[in-house]
Asks: 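Take this structure, written in structure tokens, and hold onto it; I'll ask about it next.
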Amino acid sequence: MKAIGFLRDPLINGGSFEEFEIEKTLPTGRDLLVEVKAVSVNPLDVKMRSRGDLVKKIPMVLGWDAAGVVVEVGPDCSLFKPGDAVYYAGSIMQSGCCSEFHLVDERIVGRKPKTLDFAQAASLPLTGLTAWEGLFERLSISLQNDAHQEQSILIIGSAGGVGSIATQLAKLAGLYVIGTASREESIKWTTAHGASFAIDHNHLFAPQLKEIGFSSVDYIFCLNGLGKYWGQMARVIVPQGKICSVVDPDCPVDLSLLKNKSATFAWQAVFTRSSYQTADMIEQHKILNALSELVDHGKIKQTVAECLTPINAANMELAHKKLESGRMIGKIVLKQFRN
């Protein structure tokens, strides 16, 4: 089967994405064999691309966002059958999904939203899981609309893939959503996806929040620049408030800044469950199905900003360059392995 991968980092070490023929592996246990119809790229792909030795001994296949059709199931599967349309982020412990067929544990797979095509569906799994777990599990926000009256959340990096979904989910939870954006198009994207307000992350948060009537915020979801914005976050978080980050700091952060406020800080890593085979791993199956329901009922919008056809080496390299430009809003998706 065809796969898109590389032996040398395509954008740094003089290598390039290539098309490889690799062996198709049959499913065992609770694995599904999925015919991949579409994939999307994420900052994680860029991070993984440059990890490890300069030259790989076997092709490295990236991709942790896919939508496709189940073609075979392992003997212990009970959630899906051949012919089911699915979407998922997969596991960081396994090869990526940029191949014609891909193995994935059914416990981290969801039913594809019926109202979306495969390309649109491929934009949602990783960002949807990250946003859902960050908001509802790490920050303990409730999806019940009346649970957060008069409460607010600041989403740093609200125009990106995770931010686009987190904004919509936080709005559904009844929060005042304040997103950060700095360009006209990213501000429009943020407000179009449900943010009540948008502030500029290139300027101090506190005075901008004061201008729109907020002396502090109850929650902060940090999707960009943890080290850069840490002092500002500590300043504007309400006493006993909660902060969650999905990004590593580029410098040490001083947790003592939160002590006097008894504020909580939590990490969100979407592959924790699959990497450690946690007892509640099936929760990701449930979350993806819940997101499908929200999409199919018109409560959540898909976030595709650009779609490239087909899935090949040239388009994969183009997608990575766009992602690394730092100017992306929404998601880049690739569809169809063959024209």
Side-chain angles (χ1 to χ4, degrees), residues 127-160 162-182 186-226 229-247 255 257-268 287 290-291 293-295 297-301 303:
T127 55
L129 287 167
T130 301
W132 186 289
E133 291 180 353
L135 294 175
F136 304 136
E137 297 182 357
R138 312 299 170 232
L139 292 176
S140 301
I141 292 169
S142 171
L143 195 51
Q144 299 301 316
N145 192 269
D146 59 351
H148 300 285
Q149 291 183 6
E150 305 303 317
Q151 289 191 309
S152 56
I153 184 169
L154 175 65
I155 300 178
I156 301 173
S158 56
V162 177
S164 301
I165 301 298
T167 297
Q168 297 179 73
L169 290 174
K171 184 75 171 180
L172 283 177
L175 290 159
Y176 288 108
V177 182
I178 305 160
T180 76
S182 60
S186 57
I187 291 170
K188 287 182 178 178
W189 181 276
T190 294
T191 54
H193 283 79
S196 302
F197 307 96
I199 65 174
D200 191 337
H201 43 236
N202 292 323
H203 300 285
L204 293 175
F205 296 161
Q208 293 184 84
L209 289 171
K210 186 176 181 181
E211 286 181 7
I212 58 176
F214 294 86
S215 59
S216 58
V217 292
D218 299 281
Y219 304 97
I220 298 176
F221 198 16
C222 181
L223 309 176
N224 187 31
L226 176 60
Y229 301 121
W230 180 252
Q232 295 193 62
M233 289 192 285
R235 180 178 177 183
V236 302
I237 192 68
V238 73
Q240 301 183 85
K242 296 182 179 181
I243 301 172
C244 177
S245 177
V246 305
V247 290
L255 284 175
L257 294 179
L258 303 182
K259 182 182 178 183
N260 288 342
K261 289 186 174 180
S262 297
T264 297
F265 176 75
W267 290 111
Q268 162 56 24
I287 292 168
L291 285 166
E293 289 292 322
L294 290 174
V295 170
H297 285 87
K299 295 183 177 181
I300 293 290
K301 296 187 290 187
T303 58

Asks: Measure the CG-NZ distance between L204 and K210 for me, rounded to the nearest 0.5 Å.
Replies: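 L204 CG to K210 NZ: 13.0 Å, rounded to 0.5 Å.
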Asks: With a 4.5 Å heavy-atom cut-off, do V236 and I220 have their side chains touching?
Replies: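 V236 vs I220: side chains touch.
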Asks: Identify the two heavy atoms, one from Q268 and one from C244, that lie closest to each other, and give their separation to 0.1 Å.
Replies: CB-SG, 3.6 Å
Asks: Nearest 0.5 angstrom please: I156 CD1 to L226 CG, how far?
Replies: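 Interatomic distance, I156 CD1 to L226 CG, rounded to 0.5 Å: 8.5 Å.
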Asks: Which atoms form the tightest heavy-atom contact between S216 and S152, and what is the distance?
Replies: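 Scanning both residues completely, I find the closest heavy atoms to be O-OG, 3.9 Å.
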Asks: Report the C-alpha distance between I287 and E137 in whole Å, list the side-chain angles of each, state the deciding distance to 0.1 Å, and finish with yes or no for side chain to side chain contact (heavy atoms under 4.5 Å, CB included).
Replies: CA-CA 11 Å; I287 292 168; E137 297 182 357; 3.9 Å; yes
Asks: Tell me, do H201 and Y229 make a side-chain contact under 4.5 Å, heavy atoms counted?
Replies: yes
Asks: Assess whether side chain to side chain contact (heavy atoms under 4.5 Å, CB included) is satisfied between W132 and L143, documenting all intermediate values.
Replies: CA-CA 10 Å; W132 186 289; L143 195 51; 3.9 Å; yes
Asks: May I ask you to test the V162-L223 pair for a side-chain heavy-atom distance under 4.5 Å?
Replies: yes
Asks: Compute whether any side-chain donor of one residue and acceptor of the other, for T180 and S158, lie under 3.5 angstrom apart.
Replies: no
Asks: Mind listing the closest non-hydrogen atom pair of W267 and V247 along with its distance?
Replies: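 Heavy atoms of W267 and V247 come nearest at CZ3-O, 3.1 Å.
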Asks: Using 30° and 60° as the class boundaries, would you call the ring planes of F197 and F214 parallel, tilted or perpendicular?
Replies: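 Rings of F197 and F214: perpendicular, over 60°.
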Asks: Only one of L175, I243, I178 passes side chain to side chain contact (heavy atoms under 4.5 Å, CB included) with V217; say which it is.
Replies: I178
Asks: Output the distance between atom NZ (K261) and atom CD (Q240), rounded to the nearest 0.5 Å.
Replies: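 Those atoms lie 12.0 Å apart.
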Asks: Heavy atoms, side chains only, cut-off 4.5 Å: are L257 and F265 in contact?
Replies: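 The answer is no, as the side chains (C-beta and beyond) never meet within the 4.5 Å cut-off.
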Asks: For the backbone of I187 and the side chain of T191, can you confirm whether one donor and one acceptor N or O come within less than 3.5 Å of each other?
Replies: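 Yes: the side chain of T191 pairs with the backbone of I187.
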Asks: Using distance alone, with no hydrogens and no angle criterion, decide if W189 and S164 have a side-chain donor and acceptor under 3.5 Å apart.
Replies: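 On atom types as modelled, these side chains qualify, holding a pair under 3.5 Å.
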Asks: Can you confirm whether Y219 sits close enough to L154 that some side-chain heavy atom of one is under 4.5 Å from a side-chain heavy atom of the other?
Replies: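 The answer is no, as the side chains (C-beta and beyond) never meet within the 4.5 Å cut-off.
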Asks: Looking at every heavy atom in both L139 and K242, which two are closest together, and how far apart are they?
Replies: O-CD, 3.4 Å
Asks: In Å, rounded to the nearest 0.5 Å, how long is the span from NZ of K301 to OG1 of T303?
Replies: 10.5 Å
Asks: How close do A173 and I141 get, counting heavy atoms only, and between which atoms?
Replies: CB-CG2, 3.9 Å
Asks: Answer yes or no: is there a side-chain heavy-atom contact under 4.5 Å between Y176 and H148?
Replies: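 When only atoms from C-beta onward are counted, H148 and Y176 do not touch, as no gap falls below 4.5 Å.
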Asks: Just verifying a value: how many Å separate K171 NZ and I155 CD1, rounded to the nearest 0.5 Å?
Replies: 11.0 Å
Asks: Assess the residue pair L294 and Q168 against the criterion (side chain to side chain contact (heavy atoms under 4.5 Å, CB included)); give the C-alpha distance rounded to whole Å, side-chain angles, the decisive distance to 0.1 Å, and a yes or no.
Replies: CA-CA 10 Å; L294 290 174; Q168 297 179 73; over 6 Å; no
Asks: Going by heavy atoms in the side chains, are I300 and L172 under 4.5 Å from each other?
Replies: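 Contact flag for I300/L172 side chains = yes.
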Asks: Between I165 and T130, is there a side-chain heavy-atom distance shorter than 4.5 Å?
Replies: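 In short, these two side chains do not touch, never coming nearer than 4.5 Å.
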Asks: Considering all heavy atoms of both residues, which atom of V177 and which atom of G194 are nearest to each other, and what is their separation?
Replies: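 Smallest interatomic distance, heavy atoms only, reads CB-O, 4.2 Å.
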